[in-house]
Amino acid sequence: MAAGERTGRARPAVTPDPATGVAGLLASAERCLTVQRPGVPCRACAEVCPTDALAPAERSLAILLDRCLRCGRCAAACPTEALAVEGFPEIAATATRIECGRVPPELRAPGTAVVPCLGGVRAGALRAHLARAEAAVATLVDRGWCADCPAGGTAEPWAAVVGRLDRELEELGSARRVEVAREPLPPALAGPPPAPPRTLDATVGRRAFLRGAAEVVERVGSRRIAVRGEGPPQRVETTALRERAASLAALAGGDGLPAALFPVLAIAETCRDSRLCAASCPTGALELELDEETSVLVFEPVLCIGCRRCLEVCPTGSPSLSPAGEEGRVERRVLRRRATARCGECGAVYGPRSSSGRCPACEKDEELARRVHRWLRERDSSGLFEG
């Protein structure tokens, strides 16, 4: 089994539970960078929330239920899709238009997909829709109400998602696209914005609220849920990243994915095989495969989120990261391959091999012991330890 590979029974998907009496925001602790990886600070959800309903801290994410409007903008901003908001269904293959739920039903075109807020539509949902849609164009309909909406707060809350998809589709050379139709309506016709969910009922159990991450969920008072990490940091669950690659591959028509859509990592010859980069990677994009004879450092671009953690922890400054490749197709690459040996002192597998037959840790221990012994002899010769 490759180093870092996880085993064990997969937890069930996080789904809303009507019995909880809570409508709105759910979180998957296994996918959350803030909860699982304290060294990789992420505030993507909090930065876009129009009501400051999310409060990330070290290894925890607090959700203020009485502030949450269920607009979904946090879920759309999350790089690992750790957040899910009720009311954003899968977009039907027959749908060509996507409208805000504030638009009266009689003003919507037939077959329109309706969401609580256009700013909450995830890139993953649009990608998956385009990959199977009957029409080549998915249209977000802008009625001109977003800037003054409590759940919007900006004229184009969808801009980041649509911009990202535009770049992806252009690199793929796909005829499919996402467009925004400006079809303003008088503000007087707008329905109410998404409402805050009911506060957490006192009888709700931890397991009933968050399926699949119950052991790290805590109720703090009646209006706050805290999703907390427990035990050592873990790799985040990468289903959303793999689904992105699968949707892009479907849109590419089987031609492979352009390297320009994914980060590129390189390792310089100064690498001393400390293995900190692979151990610190939050998604497993950087993986160390270790056996009795070789140490292989492998990079999987589709899992890289560009957090730069590998650069921060390397003691020799060996990794370098580019936000996008230049030419060719993306592929899983071997960055470094070295011969390994088993330490004659502690039995650990290490690399590169040394002439002493000992791993760097044991060599350091021996050097430290020599220095301490020399220091004691020098002090003893000066009469410091004489009786």
Side-chain angles (χ1 to χ4, degrees), residues 1-8 10 30-31 33 36-37 40 79-81 123-124 127-128 131 164 167-169 171-174 233-314 316 318-340 349 351-352:
M1 184 175 65
E5 186 174 338
R6 300 175 64 186
T7 60
E30 287 193 337
R31 294 189 182 190
L33 284 165
Q36 297 293 0
R37 306 295 296 195
V40 188
T80 55
E81 295 193 2
R127 255 187 238 108
R164 180 180 183 183
R167 291 190 295 272
E168 292 177 346
L169 294 170
E171 288 291 345
L172 291 174
S174 174
Q234 301 291 330
R235 285 182 176 171
V236 297
E237 199 270 338
T238 58
T239 298
L241 300 175
R242 296 188 184 279
E243 287 177 347
R244 178 201 177 205
S247 294
L248 290 173
L251 289 166
D255 263 347
L257 299 178
L261 292 179
F262 302 93
V264 175
L265 185 70
I267 301 292
E269 289 299 320
T270 54
C271 173
R272 291 295 176 264
D273 206 31
S274 70
R275 310 175 190 173
L276 291 174
C277 55
S280 299
C281 181
T283 62
L286 198 55
E287 187 80 58
L288 183 71
E289 298 176 353
L290 189 67
D291 60 31
E292 294 280 350
E293 298 181 351
T294 57
S295 167
V296 182
L297 190 63
V298 182
F299 178 60
E300 190 167 357
V302 299
L303 297 183
C304 181
I305 58 175
C307 69
R308 302 178 66 84
R309 184 61 177 162
C310 54
L311 279 65
E312 295 169 359
V313 301
C314 179
T316 59
S318 302
S320 60
L321 183 70
S322 300
E326 295 180 358
E327 297 180 356
R329 300 296 173 183
V330 71
E331 59 183 4
R332 190 172 185 262
R333 295 190 303 115
V334 173
L335 300 182
R336 182 197 33 73
R337 186 189 301 273
R338 282 182 174 164
T340 60
V349 175

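This chain uses plain numbering: 1 for the first residue, then up along the sequence.
The residue from R338, R332, R275 that alone fulfils the salt bridge (Lys or Arg N to Asp or Glu O under 4.0 Å) condition with E289 is R332. Each of E81, E243, E168 was scored for a salt bridge (Lys or Arg N to Asp or Glu O under 4.0 Å) with R127, with one residue passing: E168.
Side-chain contact between L303 and R242: present, with at least one pair of heavy atoms (C-beta onward) separated by less than 4.5 Å. For the pair L251/L169, a side-chain contact is recorded, criterion being any heavy-atom separation below 4.5 Å from C-beta on. In this structure the side chain of V40 never reaches within 4.5 angstrom of the side chain of V236, judged on heavy atoms. By the 4.5 Å heavy-atom criterion applied to side chains, C304 and L265 are not counted as neighbours. L286 has its side chain within reach of L297: a pair of non-hydrogen atoms, C-beta onward, lies under 4.5 Å apart. The closest side-chain heavy-atom distance from P258 to L172 is below 4.5 Å.
Nearest heavy-atom pair, T270 versus S318, reported as atom, atom and distance to 0.1 Å: OG1-OG, 2.8 Å.
For the atom pair CD of Q36 and CZ of R31, the computed distance is 12.5 Å after rounding to the nearest 0.5 Å. C277 contributes atom SG, which lies 7.5 Å from atom CG of L288 (distance to the nearest 0.5 angstrom). Distance check, rounded to the nearest 0.5 Å: CD of E300 to CZ of R333 gives 12.0 Å.
For R329, the CZ atom is densely surrounded, since the number of other residues' heavy atoms within 6.0 Å is greater than 12.
Of the possible polar contacts, none joining the R336 side chain to the V334 backbone as a donor-acceptor pair under 3.5 Å is found.
Listed by chain and residue number, nothing satisfies the side chain to side chain donor-acceptor pair (under 3.5 Å) test with T80 (two or more places apart in sequence, or in another chain).
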